[in-house]
Enquirer: 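Sharing a structure, written as structure tokens. Questions coming.
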Amino acid sequence: MNGTFIRLWPQTASHYASQVDTLVATFTGIMLLFVLPAVVCLIVFTFRYRQGNAVERQQRSQDNHLLEITWIVLPFLASMVLFALSARLFFEAHTPPADALEIQVTGKQWMWKFQHPEGQRELNVLHVPAGRPVLLNMISEDAIHSFYLPALRLKQDVLPGRYTQLWFQADKVGSYQAFCAEFCGTDHSTMLATLEVQTPTEHVRWLASAGSESSMAAQGSVLFRQLGCSGCHSPSAAVRAPRLEGLYGRPVPLADGNITIADDGYLRDSILLPQKQVAAGYAPIMPTFSNLIDEEGVQRLIAYIKSLANTDPTDD
Ligand code: HEC
Ligand SMILES: [Cu+2]
């Protein structure tokens, strides 16, 4: 879309984006406030005090405390205003609302893959509803990528081996270009995606038409059996392994005496690098699954384990 058209100013698809623009305008305004008088004086004095001009050059005033205090205090206050405005936006960008719609993103040379909680999967196109907070949980299958949405004024590195997050609430329906903003190899420049912001009703219709028989959690539970996880992690297993019901979001005591929280990153490491953090009281016998599943499979397994968060291991 708009492949040949270069915009002077990116589209604006969210309230956050307009706030970023306001910040940039304020910053530019404050800069001009200081730079313009200096430039004007520079030009005026260049002519006024030219060699050969008959002007008074002797009685320069040496100290003017009021003037000095003014030019220390005013820029300080101005920079504090900028600091407050940008810190507020920074915190907003880093605190996703709890009710955000979570979508899994995998960056891979050279494409973007998306998985919706209801199980729909997309390649290089992401459909989201307008007016609803969306949280992207992102990871890379290979090099470092960066998911860049100019219309939302947001950019976040997408790393191998670690989840990073980005959240937004698009307000304006439309198609917006997304880029990879971190040079990641030969076809980096073609690593593009389209963000399709739809009305909530359109989005519901799209979800239904995008064809998914089962949710991510249900797909994860199939994997859980296919990969043999259930062979160890079920009450009937002959092996002693921790139950995964009620695990997500809880503190986990580790064999090395530390306590960690069972978040997405911990679950991912437990599956791909089981020796990294061993749960206290268990033998480190869990094999790695790093050569059996890709990051998308891990995301489905995590969705399944998350869906067990409010169940009780003693239920059955
Ligand atoms: C050979 C038996 C075995 C298999 C197969 C196995 N696990 Fe494990 N798993 C364990 C044991 C034992 C532990 C506890 C020791 C540790 O943390 O490594 C564990 C720990 C975990 C933990 C951390 C639990 C906690 O309470 O901290 C998670 C999550 C997990 N496994 C998920 C899986 C998934 C998903 C699969 C399938 C892809 C799987 N496991 C396959 C034996 C197994
Ligand atoms: Cu890339």
Side-chain angles (χ1 to χ4, degrees), residues 105-113 124 138-149 155-160 164 178-193 216-217 219-309 311 313:
V105 181
T106 310
K108 190 178 172 196
Q109 288 165 330
W110 288 275
M111 63 190 89
W112 295 104
K113 300 173 173 191
N124 298 334
M138 312 191 287
I139 196 156
S140 164
E141 197 83 68
D142 36 52
I144 299 179
H145 304 279
S146 179
F147 198 57
Y148 179 32
L149 289 158
K155 174 160 37 177
Q156 172 63 53
D157 276 7
V158 177
L159 310 170
T164 54
F179 298 86
C180 177
E182 185 71 50
F183 181 69
C184 57
T186 321
D187 286 337
H188 161 69
S189 61
T190 62
M191 193 167 162
L192 306 169
M216 264 189 83
Q219 295 171 18
S221 98
V222 171
L223 267 181
F224 196 76
R225 269 171 278 120
Q226 277 173 357
L227 292 169
C229 317
S230 50
C232 292
H233 289 282
S234 71
S236 52
V239 186
R240 220 179 82 78
R243 300 293 304 273
L244 305 179
E245 290 85 351
L247 171 67
Y248 187 77
R250 303 284 162 77
V252 184
L254 300 175
D256 62 9
N258 290 323
I259 293 184
T260 189
I261 298 290
D263 57 7
D264 294 50
Y266 173 75
L267 295 182
R268 178 187 175 276
D269 287 354
S270 295
I271 298 166
L272 299 180
L273 310 161
Q275 312 303 325
K276 188 177 156 197
Q277 289 173 310
V278 176
Y282 294 93
I285 52 159
M286 177 166 156
T288 174
F289 287 82
S290 56
N291 38 15
L292 293 175
I293 35 171
D294 57 9
E295 294 292 349
E296 288 189 290
V298 174
Q299 287 164 344
R300 274 172 245 148
L301 282 171
I302 293 177
Y304 170 62
I305 298 173
K306 265 188 196 176
S307 74
L308 305 175
T311 55

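Counting starts at 1 for both ligands and their atoms, in listed order.
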Enquirer: Of the backbone atoms (N, CA, C, O) and the side-chain heavy atoms from C-beta on, which set of I293 has a member under 4.0 Å from an atom of ligand 1: side chain, backbone, both, or neither?
Expert: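 Neither part.
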Enquirer: Ring-plane angle category for F224 and Y304, please: parallel below 30°, perpendicular beyond 60°, tilted otherwise.
Expert: tilted
Enquirer: Just heavy atoms, cut-off under 4.0 Å: does A283 contact ligand 1 by side chain, backbone, both, or neither?
Expert: backbone
Enquirer: Using a heavy-atom cut-off of under 4.0 Å, does the side chain or the backbone of V252 touch ligand 1, or both, or neither?
Expert: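 It is the side chain that touches ligand 1; the backbone stays farther off.
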Enquirer: Ligand 1 versus L247, non-hydrogen atoms closer than 4.0 Å: side chain, backbone, both, neither?
Expert: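 For L247, the contact with ligand 1 is made by the side chain alone.
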Enquirer: Near G228, which atoms of ligand 1 are under 4.0 Å from a heavy atom of that residue?
Expert: 5 (C)
Enquirer: Can you say whether the rings of H145 and W112 are parallel (under 30°), tilted (30 to 60°) or perpendicular (over 60°)?
Expert: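 Answer is perpendicular, since the angle exceeds 60°.
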Enquirer: Report yes or no: does a heavy atom of Y304 sit under 4.0 Å from some atom of ligand 1?
Expert: no
Enquirer: Closer than 4.0 angstrom: is that true for some heavy atom of P284 and an atom of ligand 1?
Expert: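 It does not; every heavy atom stays at 4.0 Å or beyond.
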Enquirer: Any idea which part of H233 is under 4.0 Å from ligand 1, heavy-atom wise: side chain, backbone, both or neither?
Expert: side chain
Enquirer: Give, rounded to 10 degrees, the angle between SD (M191) and SG (C184) as seen from the Cu ion (ligand 2).
Expert: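 M191 SD and C184 SG form an angle of 100° at the Cu ion (ligand 2).
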Enquirer: State, to 0.1 Å, how close A241 and Y282 come at their nearest heavy-atom pair, and which atoms those are.
Expert: C-CE2, 3.5 Å
Enquirer: Could you tell me whether K108 atom NZ has more than 12 heavy atoms of other residues or ligands within 6.0 Å of it?
Expert: no
Enquirer: Taking 2.8 Å as the cut-off, does S270 contribute an N, O or S atom near atom 8 (Fe) of ligand 1, distance below it?
Expert: no
Enquirer: Can you label the angle between the F183 ring and the H188 ring as parallel, tilted or perpendicular, going by 30° and 60°?
Expert: perpendicular
Enquirer: Any idea which part of C229 is under 4.0 Å from ligand 1, heavy-atom wise: side chain, backbone, both or neither?
Expert: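 The part of C229 near ligand 1 is both the backbone and the side chain.
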Enquirer: Could you tell me whether any N, O or S atom belonging to H188 is less than 2.8 Å from the Cu ion (ligand 2)?
Expert: no
Enquirer: Which atoms of ligand 1 sit under 4.0 Å from any heavy atom of R240?
Expert: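 Selected atoms, number and element: 12 (C).
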Enquirer: Could you tell me which atoms of ligand 1, counted from 1 in the order shown, lie closer than 4.0 angstrom to a heavy atom of L267?
Expert: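 Taking each heavy atom of L267 in turn, ligand 1 has 29 (C) under 4.0 Å.
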Enquirer: Can you list the ligand 1 atoms lying under 4.0 Å from a non-hydrogen atom of C232?
Expert: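 Going through ligand 1 atom by atom, the ones under 4.0 Å from C232 are 1 (C), 2 (C), 3 (C), 4 (C), 5 (C), 42 (C), 43 (C).
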